[in-house]
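Heavy-atom basis, side chains included; hydrogens, waters and symmetry copies ignored. The chains referred to below are lettered A, B, ... by the order of the sequence lines, with proteins before strands, and numbering in each begins at 1.
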Amino acid sequence: MTSTDHPFGRTTTTLDELHGCVDVTDAKRVLNSIGVAKPDKAVEGFLDQMPTLLAWLDEHGRDYPWRRASDPWQIYASEILLQRTRSDAVADIYPEFFAQFPSARCLLEADEEDLRSIVHPLGFVNHRVRTLREAAELCAEVQDEVPADLEALQQPWRVGPYTARACLLFAFDQPMALVDTNTARIVGRVFDYPLPEQPHKSTRVQRLLDALAPDNPALARAFNLALLDLGALVCTSENPNCPACPLAEGCEYAQTGDV
DNA sequence: TTCCGGGTTT
DNA sequence: AAACCGGGAA
């Protein structure tokens with residue numbers, strides 16, 4: 001639980017420590033296989049910037065309530081709410097949602113219309129209600145426990161790789177990388193990596209980020225949150241604010257001005 | 001692999 | 001009106 005005492009995990013580290021918990025070799029291999037120029041220099045440069053990235057999180061990271069949650073069900077449910085939706089919209093309904101449905105059992109016993117109306121502002125209402133209720137049934141069958149295992153989570157719980165991994169990372173302190181449009185866009189720009197149409201389904205992007213994510217629970221938490229927030233606040237899809245970016249020094253996009 | 005789902009924000 | 005967003009289904 002120590003890594004969740006601070007919502008951002010651990011935001012201080014050293015280059016030495018990072019070299020011991022980042023799979024530099026595999027990251028270079030992935031970049032090499034896709035034809036990125038100077039993969040060695042690119043990965044070392046990224047590693048050099050990682051302490052700065054984590055320090056940036058400490059100063060600018062967003063303090064959302066789900067980042068302070070420790071209950072696995074609440075973390076799982078939050079991730080369902082966050083799928084394809086802006087975080088601020090989730091923050092708006094978060095207090096009411098968990099006042100009404102603090103546990104899987106409460107959600108099951110609640111009136112479905114209440115659930116629908118609370119989730120309504122987020123969109124994807126049918127999908128979210130179905131997912132939450134079916135997962136809540138599974139959860140209630142086993143004393144409100146959420147499985148701490150990727151395979152056990154994905155198909156049965158009606159979530160994909162992103163949400164399953166987010167549960168393991170944020171609820172069970174298992175170090176791993178999250179691939180969404182934000183994290184993919186960042187590595188795409190930093191490494192001048194030509195992203196596929198649906199980056200979140202690319203095994204190569206997943207492998208690259210997995211290699212780069214520190215193999216340490218508190219650092220992995222900070223690493224992922226830093227990329228998520230950087231993608232939302234600085235490295236935005238439109239008009240990125242490169243001068244304010246902690247990764248700019250080692251970033252192809254920031255250096256060349258465009259991709 | 002492609003297609004679609006659904007609100008809100010811009 | 002168009003952009004924004006993961007995952008299941010076609």
Cationic N near anionic O, under 4.0 Å, Glu134(A) to Arg130(A):
yes
Counting the atoms with a prime plus P, OP1 and OP2 as sugar-phosphate, which does Phe124(A) contact under 4.0 Å by heavy atoms, base, sugar-phosphate, or nothing?
base
Between Gln83(A) and dC5(C), is there a side-chain N or O to OP1/OP2 distance below 4.0 Å?
no
For Thr131(A), answer base if it contacts any base atom (sugar-phosphate contacts may also be present), sugar-phosphate if it contacts only those atoms, and nothing otherwise; contact means non-hydrogen atoms under 4.0 Å.
nothing
What nucleotide among dG7(C), dC4(C), dT8(B) has an atom nearest to a side-chain atom of Pro121(A)?
dT8(B)
For atom CG of Asn126(A) and atom C1' of dG8(C), their distance in whole Å
13 Å
Rounded to the nearest Å, what distance is computed from the CG atom of residue Leu82(A) to the P atom of nucleotide dG7(B)?
18 Å
Return the value, rounded to whole Å, for the distance between atom CG of Asn239(A) and atom P of dC4(C).
11 Å
In Å, rounded to the nearest 0.5 Å, how long is the span from CG of Leu230(A) to CD1 of Ile186(A)?
4.5 Å
How many whole angstroms separate atom CD of Glu79(A) from atom P of dG7(C)?
9 Å
Is there a donor in the side chain of Asn32(A) and an acceptor in the side chain of Arg29(A), or the other way round, less than 3.5 Å apart?
no
Among dG7(C), dC5(C), dG7(B), which nucleotide sits nearest the side chain of Thr181(A)?
dC5(C)
Round to the nearest Å and state the distance from Gln198(A) atom CD to dC4(B) atom P.
13 Å
Without decimals, in angstroms, what is the distance between Gln206(A) CD and dG7(C) C1'?
14 Å
For Lys201(A) and dG7(C), what is the distance between atoms NZ and P respectively, to the nearest whole Å?
9 Å
Side chain of Pro161(A), heavy atoms from C-beta onward: which of dC4(C), dA9(C), dG7(C) has the nearest atom to it?
dG7(C)
The side chain of Arg86(A) lies closest to which of these nucleotides: dT8(B), dG6(B), dC3(B)?
dT8(B)
What class does the angle between the rings of Tyr76(A) and Trp73(A) fall in, given that below 30° is parallel, 30 to 60° is tilted and above 60° is perpendicular?
tilted
What's the gap between dA10(C) and dG6(B) when it is taken at their P atoms, as a whole Å value?
14 Å
N/O (side chain, Thr85(A)) to phosphate O (OP1/OP2, dG7(B)) under 4.0 Å
no
dT8(B) P sits how many Å from Arg128(A) CZ, rounded?
11 Å
So, taking the atom named CH2 in Trp56(A) and the one named CG in Asp58(A), what distance separates them when rounded to the nearest 0.5 Å?
11.0 Å
